[in-house]
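To start, the structure itself, in structure tokens.
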Amino acid sequence: MSRTLTAELPALVGKRVLIEGWMHTMRSFPDFSFLVIRDRSGQAQVILEEGPELQRLRGLQNESVLRIEGDVVAEERSPIGVDVRNPSITVLAPVTEVGPFELNKKVLKPSLDVFLNHAPYGLRHPSKVATFRVMSTLLSAYREFLVGQDFTEISTPKIVGAATEGGANVFAVEYFDRHAYLAQSPQLYKQIMVGVFERVFEVGHAFRAEEHYTSRHLNEYCSLDLEMGFIRSQQDVMDVLAGVISAMVDAIHERNPREVEMLKIELPLGHSFPEITFRAGQQLILDRYGENRFHEPDLSPQDERRLGEWAKEEHGSDFLFVTHYPTVKRPFYAYPDPDDPEHSETFDLIFRGVELVTGGRRINDYEQLVASMEARGVDPQPFGGFLEAFRYGMPPEGGFAVGSERFLARLMNADNIRETTLFPRDVGRLTP
RNA sequence: GGUCCCGUGGUGUAGCCUGGUUUAACAUGCCACCCUGUCAAGGUGGAGAUCGCCGGUUCAAAUCCGGUCGGGACCGCCA
């Protein structure tokens, strides 16, 4: 007999079926017990009468893996409208050890630290399953939308010979008889690939050796990157970003209604993507909060929260593009606004008060690119491969990077980005 | 790297300020028994913690002080 998923049972009343899954919980009465089986599709309850089948479960704890053959019986009192009766049980994987915390309660109780220490066990909780199903949808929808826009998916190396932006915050790794680094971002490679495919995207991990102790940073995160050529301005990039973000949100709405309800996700459906320049943003903070931020070359987290509130109030949007950041605060490849070289064609997308995306137009002229590197004291020597792409003709181009864990964290209003990361890597955590 | 907060049975908390009636409390989980439809099942009972660790103050420390280890929040930095 082949396996039936629990979600299919309501359509199989009167049939004898075989289900397999984990013992989620068991509630006992004098003459019978309710055994709840959990599989990837949901849960079903099995009615166990007193007898050898119940005896077979003696001493077994929750999470034991069972195969159960039984009759599907219509039952109004059952949560899914049917029960499985007259079961014949095979224990596929017995568990005799009690788990570190409860998986069969509606809310997960352990603190984040305890949870993460037992992630292989804890991730089975229905709320975590739902969380990472939504993540899966985010990634799928990102890919599907961009493929539909004629983008090509690429996969670039994560072991690199030079730090992407000449920064210090890279992890060094031994590479045979040399030193190498873990890529901080696919930035340079995706730009190179614009010369090949025009439009590329990548779903890959980025590594940052920064010792940040915050609820929104990881030392390894999954970056949703994109780069595209033949643009007129950064606006073209921003338009694609708004499109793909909307598509991702729509996909969750369509594909994960159960998860949205369970996690109480408030989706930013039908939102606009208002824009404000960096300067205007600072002016706004002066006007609304009386704080003069004009001497600052960047926005603080508090500034971003305040601008996010403004966007919500004035434009009814959870999103806000902040554009034209000071050129000095941006990397060497950022494209200075020809009319105002102190500011660059770069943007951040703020989502619910947090930086979700950074992007912009890049310098595509070879001479200008080398000059920009030298002006910042970046030695062009290690970037030979990168520069080669520009020596042989690079169209006007730009792109962005979305932090996937951060997106999901803001979507479901998580307190900490580690809640939306399967196995987070931070300063103190390398296992599991 | 800076500032601030928290470590009490497996898990989550109360107790700490104002040291001593505390055999360290409650919920949940576990074990046993009771209960004919539970669905965060219910009831009764039981086991389970030398209060992160080290030192100090004191007649007396979970409680006060110092150090240390672990965790968290915010800032810097970023996605």
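Letters go in sequence order (proteins before strands), and every chain restarts at 1.
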Check: So what does P79(A) touch, heavy atoms closer than 4.0 Å: a base, only the sugar-phosphate, or nothing?
Finding: base
Exercise for review: Please work out if T25(A) contacts a base, only the sugar-phosphate, or nothing of the nucleic acid, heavy-atom cut-off 4.0 Å.
Suggested key: nothing
I'd like a table of atom pairs between the protein and nucleotides 26-28 of chain B - only N or O on both sides, under 3.5 Å - with the distance next to each one.
unit_1 : atom_1 : unit_2  : atom_2 : d
U28(B) : O3'    : K105(A) : NZ     : 3.4
U28(B) : O2'    : E102(A) : OE1    : 3.4

Problem set entry | Between G52(B) and C6(B) - C1' atom distance, rounded Å | 12 Å
In whole Å, what separates the C1' atom of U50(B) from that of A24(B)?
11 Å
Considering every strand and a 4.0 Å limit on heavy-atom distances, what is the contact class for S223(A): base, sugar-phosphate, or nothing?
nothing
Q.
So E304(A), base contact, sugar-phosphate only, or nothing? Heavy-atom distance under 4.0 Å.
A. base
Distance col, row L263(A):CG vs N256(A):CG, nearest 0.5 angstrom, shows 9.0 Å
Notebook entry, point to check: Which part of the nucleic acid, if any, lies within reach of S33(A) when heavy atoms closer than 4.0 Å are counted: base, sugar-phosphate only, or nothing?
Noted result: nothing
Worked check of ring-ring contact (aromatic ring centres under 6.0 Å, His included) between F273(A) and F347(A) = CA-CA 12 Å; F273(A) 292 78; F347(A) 61 84; over 10 Å; no
For a side-chain hydrogen bond (donor to acceptor under 3.5 Å, both in side chains) check, start with the C-alpha distance between H212(A) and T214(A), then their side-chain angles and the critical distance, and finish with the verdict. CA-CA 6 Å; H212(A) 27 50; T214(A) 77; 5.6 Å; no
In whole angstroms, the gap separating P of C77(B) from CD of E210(A) amounts to 9 Å
Any idea how F207(A) and H205(A) line up, ring-wise: parallel (<30°), tilted (30 to 60°), or perpendicular (>60°)?
tilted
Exercise for the section: Would you indicate, yes or no, if G10(B) has its OP1 or OP2 atom less than 4.0 angstrom from a side-chain nitrogen or oxygen of Q61(A)? Expected result: no
Can you label the angle between the F101(A) ring and the Y121(A) ring as parallel, tilted or perpendicular, going by 30° and 60°? perpendicular
D31(A) atom CG is separated from U38(B) atom P, nearest whole Å, by 15 Å
Anything under 3.5 Å between a protein N or O and an N or O of nucleotides 67-73 of chain B, put it in a table, one pair a line.
unit_1 : atom_1 : unit_2  : atom_2 : d
A73(B) : OP1    : N416(A) : ND2    : 2.5

Point to revise | Test: K128(A) cationic atom under 6.0 Å from F115(A) six-membered ring centre, within 45° of axis | key: yes
Check your understanding: Using the C1' atom in both, what is the distance from G48(B) to C31(B), to the nearest Å?
Key -> 11 Å
Atom CG of N169(A) and atom P of C77(B) are separated, to the nearest Å, by 12 Å
Check: Could you go step by step and tell me if E296(A) and Q282(A) meet the side-chain hydrogen bond (donor to acceptor under 3.5 Å, both in side chains) rule?
Finding: CA-CA 9 Å; E296(A) 297 291 336; Q282(A) 288 184 322; over 6 Å; no
Practice prompt. Please assess Y142(A) against F201(A) for the test ring-ring contact (aromatic ring centres under 6.0 Å, His included), listing each intermediate value before the final yes or no.
Written response: CA-CA 9 Å; Y142(A) 182 76; F201(A) 72 93; 5.8 Å; yes
H217(A) NE2 to A79(B) C1', in whole Å, measures 7 Å
Rounded to whole Å, CD1 of I350(A) lies from P of C78(B) at a distance of 14 Å
Nearest-nucleotide check on RNA chain B, R305(A) vs N104(A); residue mapping nearer the 5' end is N104(A)
Begin with the C-alpha distance, continue with both residues' side-chain angles, and end with the deciding distance and a verdict on side-chain hydrogen bond (donor to acceptor under 3.5 Å, both in side chains) for N364(A) and E397(A). CA-CA 7 Å; N364(A) 65 299; E397(A) 59 104 345; over 6 Å; no
Check your understanding: Does any N or O donor sit under 3.5 Å from an N or O acceptor when you compare the side chain of E355(A) with the base of C78(B)?
Key -> yes
Determine the contact category for E75(A): base if any of its heavy atoms lies under 4.0 Å from a base atom, sugar-phosphate if only primed atoms, P, OP1 or OP2 are that close, otherwise nothing. base
Exercise. Could you work out the separation of G19(B) and C75(B) based on their P atoms and round it to a whole Å?
Key: 37 Å
Considering every strand and a 4.0 Å limit on heavy-atom distances, what is the contact class for V114(A): base, sugar-phosphate, or nothing? sugar-phosphate
**Asked** Aromatic rings Y325(A) and F278(A): how do their planes relate, parallel, tilted or perpendicular, breaks at 30° and 60°?
**Response** tilted
Q.
Under 6.0 Å from the ring centre and within 45 degrees of the ring axis: does the NZ or CZ of R361(A) meet both conditions for the six-membered ring of Y335(A)?
A. yes
Does H212(A) make a side-chain donor-acceptor contact with the base of C78(B), cut-off 3.5 Å?
no
Does the C35(B) base have a donor-acceptor partner in the side chain of R27(A) within less than 3.5 Å? no
Q: Quick one: label Q45(A) by what it contacts on the DNA or RNA (base, sugar-phosphate, nothing), any heavy atom closer than 4.0 Å.
A: base
Picking from G10(B), C30(B), G12(B), the nucleotide nearest the side-chain atoms of P100(A) would be G10(B)
Atom CG of L108(A) and atom P of G29(B) are separated, to the nearest Å, by 15 Å
**Prompt:** D83(A) near the nucleic acid: base, sugar-phosphate alone, or nothing, with a heavy-atom cut-off under 4.0 Å?
**Reply:** base
Walking RNA chain B from its 5' end, the first of F101(A) and R58(A) to be reached, judged by nearest nucleotide, is F101(A)
